[in-house]
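The structure appears below as structure tokens.
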2 protein chains.
Amino acid sequence: MTDIPRTARPTMKDVAARAGVGLKTVSRVVNEEPGVTEDTISRVQAAIDALGFRRNDSARLLRKGRTASIGLVLEDLADPFYSPLSRAVEDLARAHSTLLFTGSSAEDADREQELVLAFCARRVDGLVIVPASEDHRYLEPEIAAGVATVFVDRPAGGIDADVVLSDNAGGTREGVAHLIAHGHRRIGFIGDLPRIHTAAERLRGYREAMEDAGLPVHGNWVSCGPTAPGRVRAAVESMLSGPEPVTALFAGNNRITVTAVRVLADLPSVVALVGFDDFELADLLRPAVTVVAQDPGQLGRTAAGLLFQRLDGVAGAPKRVELACRLIPRGSGELPPVP
Amino acid sequence: MTDIPRTARPTMKDVAARAGVGLKTVSRVVNEEPGVTEDTISRVQAAIDALGFRRNDSARLLRKGRTASIGLVLEDLADPFYSPLSRAVEDLARAHSTLLFTGSSAEDADREQELVLAFCARRVDGLVIVPASEDHRYLEPEIAAGVATVFVDRPAGGIDADVVLSDNAGGTREGVAHLIAHGHRRIGFIGDLPRIHTAAERLRGYREAMEDAGLPVHGNWVSCGPTAPGRVRAAVESMLSGPEPVTALFAGNNRITVTAVRVLADLPSVVALVGFDDFELADLLRPAVTVVAQDPGQLGRTAAGLLFQRLDGVAGAPKRVELACRLIPRGSGELPPVP
DNA sequence: CTGAAAGCGCTTACAG
DNA sequence: CTGAAAGCGCTTACAG
């Protein structure tokens, strides 16, 4: 035998030596290319089995140019909102015989860039990105080099690229209009950091709905900031006190909604509530929680679908797809105003 | 200039040509190896910047042997139980400058194998696997070739390998004993498919707790099967009817618990409930739901920690780590029996 | 039908 | 301090 190689793995060269054929013949058998005698095939196959040969796809793909892998960067793999999105991307990747790298940016622009560039350094064919950064010009050379890139949930910053969004402003308008239709005139809005695109859009939707109904928005009816429970609690309490207390709340995302439910459960007042984003068990709470639901799975499917279209050679200007939201009345949003 | 290459990407060769130096010198500069003149460095750096060169890590790693990537295979990326596990694995991977491939087996043994072997074909350094298959002998050649492998949540089948588990039997014993301590004598168990290791262990824990208390287990007090809501609903209804109706239920996982809560909410009877697995908002339901909680993040951290120990060269016999569960009383498990 | 040579984009081992 | 040659494990392009 030959001396022990660095890795214990047999290569095509080893198989060729053992079968007494050329390297290319092994390659033909492994890839099921035509034009090899039955007899040769079985000799090669015997050598493959004896040595336990398994092709090194990394080496193969280096030679072929494509890596048959894509990267997914999102805020947090563990956030229930994003997991159906990841799963949808994964399902499309599988359907295209593509492997998936994943990474969480933790809402940190540097970490996003680090992950994205690490994926690019592995020469992924494409990227699906839920942006944390506001400036994606660092991606220009990669996109120019042919890395297909689709942004999802939030648009890219500083570059023009494919993006799939929910209709955040429209969904919020509908949710707030729903509260207005149920008699509310003083409605509070508690949102995420306004530098986040979705948060800014939802705030815009709230203001538009109030304006459309000819309602004023008092200064302390709007609170934007981190989703930390303490901040949200303080915002709710502040909106419910003072001379012009709100009778209804619109919560800007699922974490804020859940905190609002907890806070309201401890208070004597009856306050109507509509939340952006659906969440599990919303229907089991009392009152059940009315929400404006996005479809994170559909967001992921649409984004990945667009990505694979690009990888299949569909050219053209960057696309912007906006998915509708759906109001789900369950009880908390239909409570009448209590002065 | 040279003719247009297949890929638009500049390589070290291009950088070397432009800087008027050898290939190895470019490699030295890119890898910040010592022994290059300041002057040469700046010439190379200028060429790198001008061409927008970014090293191809796939090629690099092919030469180096390690791929600095690991694969994670679990049942479903979108299952809230597994997302903190994934996130924990991801965090450790990042700390070890390692990229993470992920894939969902969807509880399908073939799909698990397909994913695992695809990761191995890319020559991942290691694997973290939540098994769907009951036979992992297909992994023997890979493990022999040096792929570090850690199983988590359920043990491997047919091979001896590192594994990190929750104490499923012990946790269930504690949960059932808790119901017994609150006066229950007729307690039902609704579990997942018994071919799933965790489901079998939890059933064992239930039987042991009943036996320890000298209580009989009637035939229709135990129902194992898919977690489909219809099946669970039928099981609950069956256990609550007949001559010996149960006064308490133990639900074998989070999905079953949630369905049980829904079913019980529609019924007039007051039935105590303890569920295996914690879930969000369990404390907001009325009654709040008592659970036996695992720590999926800890499961992931422990498994990934073990994996990177192996990759750092820690040898020795396969390890089996069992993590304790924690009973969290919230109300539903402290309800007294109502005949 | 089969295989030797060159190459994918890097690093290693060596020589100057 | 610098670089030409060989090699990681495959595929491509070509010749026989």
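Note on naming: letters A, B, ... go to the chains in the order of the sequence lines (proteins, then strands), and numbering restarts at 1 for each one.
- Salt bridge B:D14/B:R18: absent, no basic N to carboxylate O contact under 4.0 Å.
- An OP1 or OP2 oxygen of D:dT2 is reached within less than 4.0 angstrom by no side-chain nitrogen or oxygen of B:T25.
- Summarising the geometry of B:S104 relative to A:R94, their closest heavy-atom pair is O-NH2, 3.1 Å, with the distance given to 0.1 Å.
- In this structure, the CE atom of B:M12 is 15 Å from the P atom of C:dC8, given to the nearest Å.
- Counting to the nearest Å, the C1' atom of D:dG7 and the NZ atom of B:K24 are 14 Å from each other.
- Within the structure, a side-chain polar atom (N or O) of B:N31 is placed less than 4.0 Å from OP1 or OP2 of C:dT11.
- A:V21 comes within contact range of the sugar-phosphate backbone alone, with a heavy-atom separation under 4.0 Å but no base atom that close.
- Atoms CE and OG1, on A:M12 and A:T25 in that order, are 11.0 Å from each other to the nearest 0.5 Å.
- At D:dT11, one or more side-chain N or O atoms of A:S27 fall inside 4.0 Å of OP1 or OP2 (strictly under the cut-off).
- With salt bridges taken as basic N to acidic carboxylate O contacts below 4.0 Å, one links B:R154 and B:E107.
- Ring pair B:H136/B:F151 is perpendicular by interplanar angle, where above 60° counts as perpendicular and below 30° as parallel.
- Between B:V89 and B:I70, the closest side-chain pair of non-hydrogen atoms falls below 4.5 Å.
- Proximity of A:R123 to the phosphate of C:dG9: no side-chain N or O atom is located under 4.0 Å from OP1 or OP2.
- Note: CD (A:E32) to C1' (D:dC10) measures 17 Å, nearest angstrom.
- Between B:N56 atom CG and D:dC8 atom P the separation is 18 Å, expressed in whole Å.
- Not one side-chain nitrogen or oxygen of A:R63 sits closer than 4.0 Å to the OP1 or OP2 atom of C:dG7.
- In this structure D:dA13 sits in no base pair that meets the Watson-Crick or G-U test at under 3.5 Å.
- The distance from atom NZ of A:K13 to atom C1' of D:dG7 is 9 Å, rounded to the nearest whole Å.
- With rounding to whole Å, A:R55 atom CZ is found 10 Å from D:dT11 atom C1'.
- For DNA chain C, no neighbouring residue in residues 33-50 of chain B is found when judged by any heavy atom under 4.0 Å.
- Between the P atoms of D:dG7 and C:dA4, the separation comes to 16 Å (whole Å).
- When all heavy atoms of B:P131 and B:P155 are compared, the closest pair comes out as CG-O, 3.6 Å.
- Nucleotide D:dC8 holds its P atom 15 Å from the NZ atom of B:K64, rounded to whole Å.
- One can place CZ of B:R122 at 17 Å from P of D:dG9, the figure rounded to the nearest angstrom.
- Ranking D:dA4, D:dT11, C:dG9 by closeness to the A:L23 side chain, first place goes to D:dT11.
- We find that B:E75 and B:R111 are not joined by a salt bridge, their nearest charged nitrogen and carboxylate oxygen being 4.0 Å or further apart.
- Residue contacts for A:R28: at a heavy-atom cut-off of 4.0 Å it reaches a base atom on one of the strands shown.
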